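Structure provided below as structure tokens; questions to follow.
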Amino acid sequence: MTEPSAPPVTIVRPGEGAEGFLGSIGVVFKLWGDDTDGALSVVEHPFPVGALVPPHLHTREDEYSIVTEGEIGFRSGDRETVLGPGGYITKPRGELHTMWNAGPAPARMIEIISPAGFEHCFREMVDMLSDGPPSAGDEVEALAAKYGLEFGRPTWLPDIVSRYGLTPPPGF
């Protein structure tokens, strides 16, 4: 009788993973959907001082964030918090949210995305921005539509930008 084969194991050592820049924050790819049978993907996001992620919502996936360095502010719906290392937050699909570096030093978080798939949007965005900002907003809009991502212009954003001394996204 033959032994059943062990399931595949993915190993990502500290400091490993392809890296890129998403316009305001970085991304380090840790686990792809192919590594988890589509259940989830994992990326890390380094946040430079003053970084702000444009407000957006996901129509296909939920996100779970774990702060590992610095202080990161989160706004999801009408809830706002700042978390330090070891803080966790859920960001449910369909709810407008944003994140920013809320402190005086670089920050970092782990992002778990469920189900997997959105990590490919990050990869395509990194590729799109590798030669500088896109020449037309149509490219970003087409990419967002492909992955069920919607951007918002909430009335509360200028207050966050002012309170934390952030760099606002283009057009805000």
Side-chain angles (χ1 to χ4, degrees), residues 10-76 89-91 93 95-103 105-153 157 160-161 164 166-172:
T10 301
I11 297 171
V12 182
R13 298 191 189 290
E16 291 183 342
E19 296 183 34
F21 189 63
L22 298 171
S24 60
I25 64 171
V27 63
V28 183
F29 298 93
K30 297 298 185 174
L31 294 177
W32 295 81
D34 290 345
D35 299 322
T36 67
D37 200 24
L40 58 88
S41 59
V42 178
V43 298
E44 288 184 16
H45 289 301
F47 280 68
V49 173
L52 170 68
V53 174
H56 63 282
L57 65 82
H58 300 266
T59 60
R60 302 176 188 163
E61 54 278 318
D62 301 304
E63 293 180 313
Y64 310 90
S65 301
I66 307 156
V67 177
T68 58
E69 292 177 34
E71 295 178 294
I72 298 178
F74 297 89
R75 171 115 185 195
S76 189
I89 190 168
T90 61
K91 297 178 307 246
R93 75 186 74 186
E95 185 167 79
L96 190 68
H97 63 276
T98 188
M99 300 150 286
W100 62 92
N101 184 325
R108 188 176 203 89
M109 72 179 196
I110 295 169
E111 187 95 278
I112 300 166
I113 305 162
S114 176
F118 195 76
E119 71 276 19
H120 296 288
C121 181
F122 288 145
R123 170 83 280 155
E124 289 185 44
M125 181 65 74
V126 166
D127 292 344
M128 182 187 302
L129 296 175
S130 65
D131 293 328
S135 56
D138 296 345
E139 291 177 73
V140 174
E141 288 176 23
L143 182 62
K146 177 179 176 180
Y147 287 98
L149 181 67
E150 299 174 9
F151 292 100
R153 298 169 81 63
L157 186 61
I160 290 173
V161 168
Y164 291 94
L166 304 173
T167 304
F172 281 86

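Since the structure is predicted, the reported quantities are computational estimates derived from the model, not experimental observations. Here, residue 1 is the first one in the sequence, and each next residue gets the next number.
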Between Trp100 and Tyr164, what is the ring plane arrangement, given parallel below 30°, perpendicular above 60°, and tilted in between?
tilted
Go through Leu149 and Phe118 one step at a time and tell me if the side-chain contact (heavy atoms from CB on, under 4.5 Å) criterion holds.
CA-CA 9 Å; Leu149 181 67; Phe118 195 76; 4.0 Å; yes
Please evaluate residues Ile113 and Val42 with respect to the criterion side-chain contact (heavy atoms from CB on, under 4.5 Å), reporting the C-alpha separation (whole Å), side-chain torsions for both, the decisive distance (0.1 Å), and the verdict.
CA-CA 6 Å; Ile113 305 162; Val42 178; over 6 Å; no
Using side-chain hydrogen bond (donor to acceptor under 3.5 Å, both in side chains) as the criterion, point out the one residue from Glu61, Glu119, His120 that pairs with Ser41.
Glu119
Hey, does Ser24 have a side-chain heavy atom less than 4.5 Å from the side chain of Pro54?
yes
Do Val53 and Ile25 have side chains that get closer than 4.5 Å, going by heavy atoms?
yes
Heavy atoms of other groups near Asp127 CG, more than 12 under 6.0 Å
yes
With a 4.5 Å heavy-atom cut-off, do Phe21 and Val126 have their side chains touching?
no
Take Glu44 and Glu19 through the test side-chain contact (heavy atoms from CB on, under 4.5 Å) and record every step on the way to the result.
CA-CA 9 Å; Glu44 288 184 16; Glu19 296 183 34; over 6 Å; no
Reported CD-to-CD1 distance for the pair Glu111 and Ile89, which is rounded to 0.5 angstrom
10.0 Å
Residues Leu31 and Thr10: closest non-hydrogen pair is CD2-CG2, 3.8 Å
Heavy atoms, side chains only, cut-off 4.5 Å: are Leu143 and Met128 in contact?
yes
Between Pro55 and Phe151, is any pair of side-chain heavy atoms under 4.5 Å apart?
no
Ignoring hydrogens, what is the shortest heavy-atom contact between Val67 and Met109? Give both atom names and the distance.
CA-CB, 4.0 Å
Gap between atom OG1 of Thr90 and atom CD1 of Ile112 - 0.5 Å precision:
11.5 Å
Look up atom CG in Leu40 and atom CG in Asp35, then write down how far apart they are to the nearest 0.5 Å.
9.5 Å
Kindly compute the distance separating CD1 (Ile66) from CZ (Arg108), expressed to the nearest 0.5 Å.
13.5 Å
Before giving the answer on side-chain contact (heavy atoms from CB on, under 4.5 Å), spell out for Asp62 and Lys91 the whole-Å C-alpha distance, their side-chain angles and the decisive distance to 0.1 Å.
CA-CA 6 Å; Asp62 301 304; Lys91 297 178 307 246; over 6 Å; no
Ring geometry between Trp32 and Phe29 (parallel below 30°, tilted from 30 to 60°, perpendicular above 60°):
parallel
If you measure from the Lys or Arg side-chain nitrogens to the Asp or Glu carboxylate oxygens, is any gap between Lys30 and Glu16 under 4.0 Å?
no
Side chains of Thr68 and Ile110, heavy atoms from C-beta outward: is any pair under 4.5 Å?
yes
Are the side chains of Pro48 and Asn101 in contact, using a 4.5 Å heavy-atom criterion?
no
Residue pair Leu22 / His45, side-chain heavy-atom distance below 4.5 Å:
yes
Please tell me whether Glu63 and His58 have a donor and an acceptor in their side chains that are separated by less than 3.5 angstrom.
yes
Might you point out which heavy atoms bring Gly148 and Thr59 nearest each other, and give the distance in Å?
O-OG1, 2.8 Å
